[in-house]
Amino acid sequence: MHNSENCHENVWILSGTSDGPVIVNKLLKLNYVVFVSVVTHKASKSYVENSKLHIITGKLNDSSEIINFIEKNKINYVIDATHPFALIISQNLDEACKKIKKPLLAFERKSEIKSFKNFEYIKDLKNINKEVLVNKNILLAIGSKLLNETASYYLKCGANVFTRVIPTYESISKAFASCIKNSNIAILEPSKNKGNILEKKLCDHWKIDYILCRDSGSYAQMNWEEIVYKSDMKLFLVKRPNLKFRNSLIFFDYDKLINQLTGKNITLG
């Protein structure tokens, strides 16, 4: 579908998950000019080449930087499709859009966790009962930002700490600079083939007792759930922050988000 009515409307989407490219492709089909911000060069490779698509790589430091970008590029709509645990950027977006009265829409993955016997929700990364940790093997699948701090805590609790990080420069650098033994670090893309989950072989090799990850709704999280459900391991899942979105309209469906922009009932494949 091609919609010439939108040819002068600029949308800025800040993306931190695999939902970003899906939303961008839908907007391009409707002839919007799309600006997309990603943190890494690797993330930028997930987007198609298009004359109406402008990709910006790097972190945004504060709300004033966001306001400058919106005004400079004459942005009509802002979409927050960042990672569920990316609190700072969401708060800065919220503050900036509220200040200049710019529409802010948010896309969030539904949290569809089905409880099972060896699963437990926890409120933060350090919320596992210390008494169950001594001499246990815990795998941290929490990204790299808080890896060293979290690993240090569980080492002090008497656990043997392991981690899986994705193959990016930042993740690998932080993992090997952390307090985790080099032999306890695995660099691995999340498996997308349910019939052959490499993470399962990793857990078997390391004799993992506990897995710690965050409720992000990602492929990685689904893999950990699948692995633990069929094993004697236990999954500790950190709950999503409650106050990520304050002044934005929140959507859990791609087309409902797009329809909010267009004011029309449009379904795009």
Does any N or O in the side chain of [X] come within less than 3.5 Å of the main-chain N or O of [Y], such that one atom is a donor and the other an acceptor?
X: Tyr32; Y: Val24; result: no
X: Asn184; Y: Ile180; result: no
X: Asn118; Y: Met233; result: yes
X: Asn148; Y: Ala175; result: no

What is the distance from atom [atom1] of [X] to atom [atom2] of [Y], rounded to the nearest 0.5 Å?
X: Leu27; Y: Ile79; atom1: CG; atom2: CD1; answer: 5.0 Å
X: Ser64; Y: Phe69; atom1: OG; atom2: CZ; answer: 14.0 Å
X: Leu257; Y: Gln260; atom1: CG; atom2: CD; answer: 8.0 Å
X: Leu87; Y: Thr82; atom1: CG; atom2: OG1; answer: 8.5 Å
X: Asn76; Y: Lys102; atom1: CG; atom2: NZ; answer: 6.0 Å
X: Leu60; Y: Ile66; atom1: CG; atom2: CD1; answer: 5.5 Å

Might you point out which heavy atoms bring [X] and [Y] nearest each other, and give the distance in Å?
X: Leu104; Y: Asp94; value: CD2-CA, 3.8 Å
X: Trp224; Y: Leu235; value: CB-CD1, 4.2 Å
X: Gln221; Y: Leu237; value: NE2-CD2, 3.9 Å
X: Phe176; Y: Asn182; value: CD2-OD1, 3.4 Å
X: Asn223; Y: Pro190; value: ND2-C, 4.0 Å
X: Pro167; Y: Ile172; value: CA-CD1, 4.0 Å

>> According to side chain to side chain donor-acceptor pair (under 3.5 Å), does anything in residues 130-141 pair up with another residue at least two apart or in another chain? List the pairs.
In response: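 For residues 130-141, and leaving out neighbouring residues, the side chain to side chain donor-acceptor pair (under 3.5 Å) pairs sorted by first residue read Asn137-Asn160.
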
Answer yes or no: is there an ion pair linking [X] with [Y], defined by an N-O contact shorter than 4.0 Å?
X: Asp255; Y: Lys26; value: yes
X: Glu95; Y: Lys99; value: no
X: Lys200; Y: Asp204; value: yes
X: Arg240; Y: Asp215; value: yes

>> side chain to side chain contact (heavy atoms under 4.5 Å, CB included), that's the test. Do Leu139 and Cys203 meet it? Break it down for me.
In response: CA-CA 8 Å; Leu139 173 63; Cys203 290; 4.0 Å; yes

>> Check this for me: Asn129, atom CG, are more than 12 non-hydrogen atoms of other residues, nucleotides or ligands nearer than 6.0 Å?
In response: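 Enclosed.
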
> Thr57: what forms a side-chain hydrogen bond (donor to acceptor under 3.5 Å, both in side chains) with it, not counting sequence neighbours?
Replying inline: none

> Listed by chain and number, what are the side-chain hydrogen bond (donor to acceptor under 3.5 Å, both in side chains) partners of Ser15, not counting sequence neighbours?
Replying inline: Tyr47

Do [X] and [Y] have side-chain heavy atoms sitting under 4.5 Å apart?
X: Ser216; Y: Thr17; value: no
X: Val78; Y: Leu105; value: no
X: Leu202; Y: Arg164; value: yes

Check: residues 33-42 side-chain donor-acceptor pairs under 3.5 Å, at least two apart:
unit_1: Ser37; atom_1: OG; unit_2: Trp12; atom_2: NE1; d: 2.8
unit_1: Thr40; atom_1: OG1; unit_2: Ala43; atom_2: N; d: 3.1
unit_1: Lys42; atom_1: NZ; unit_2: Glu189; atom_2: OE2; d: 2.3

> Can you list every salt bridge (charged side-chain N to carboxylate O under 4.0 Å, His left out) pair that touches residues 142-153, not counting sequence neighbours?
Replying inline: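 The answer is Lys126-Glu149.
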
> Can you check side chain to side chain contact (heavy atoms under 4.5 Å, CB included) on Asp209 and Lys234, steps first, answer last?
Replying inline: CA-CA 6 Å; Asp209 298 295; Lys234 184 167 184 176; over 6 Å; no

> Partners of Tyr254 by ring-ring contact (aromatic ring centres under 6.0 Å, His included), sequence neighbours excluded?
Replying inline: Phe107

Would [X] end up clustered with [Y] when hydrophobic side chains under 4.5 Å apart are linked, directly or stepwise?
X: Leu30; Y: Val48; result: yes
X: Leu125; Y: Ile88; result: no
X: Ile166; Y: Leu146; result: no

> Hey, does the Lys NZ or Arg CZ of Lys256 hover above the aromatic six-ring of Phe251, less than 6.0 Å from the centre and inside 45° of the axis?
Replying inline: no

> Given Ile138 and Ile211, is the side chain to side chain contact (heavy atoms under 4.5 Å, CB included) satisfied, shown in steps?
Replying inline: CA-CA 6 Å; Ile138 183 170; Ile211 297 172; over 6 Å; no

>> Go through it in stages, so that I can follow the logic: the residues are Asn10 and Lys74, the test is side chain to side chain contact (heavy atoms under 4.5 Å, CB included), and I'd like the CA-CA distance, side-chain angles, deciding distance and then a yes or no.
In response: CA-CA 7 Å; Asn10 297 345; Lys74 297 180 173 58; 4.2 Å; yes

>> Pair Ser63, Asn92 - check side chain to side chain donor-acceptor pair (under 3.5 Å), show working.
In response: CA-CA 5 Å; Ser63 59; Asn92 286 341; 5.2 Å; no

>> So, applying ring-ring contact (aromatic ring centres under 6.0 Å, His included) with Tyr210, which one of Phe119, Phe162, Phe236 is it?
In response: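 Looking at Phe119, Phe162, Phe236, the match for Tyr210 under the ring-ring contact (aromatic ring centres under 6.0 Å, His included) is Phe236.
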
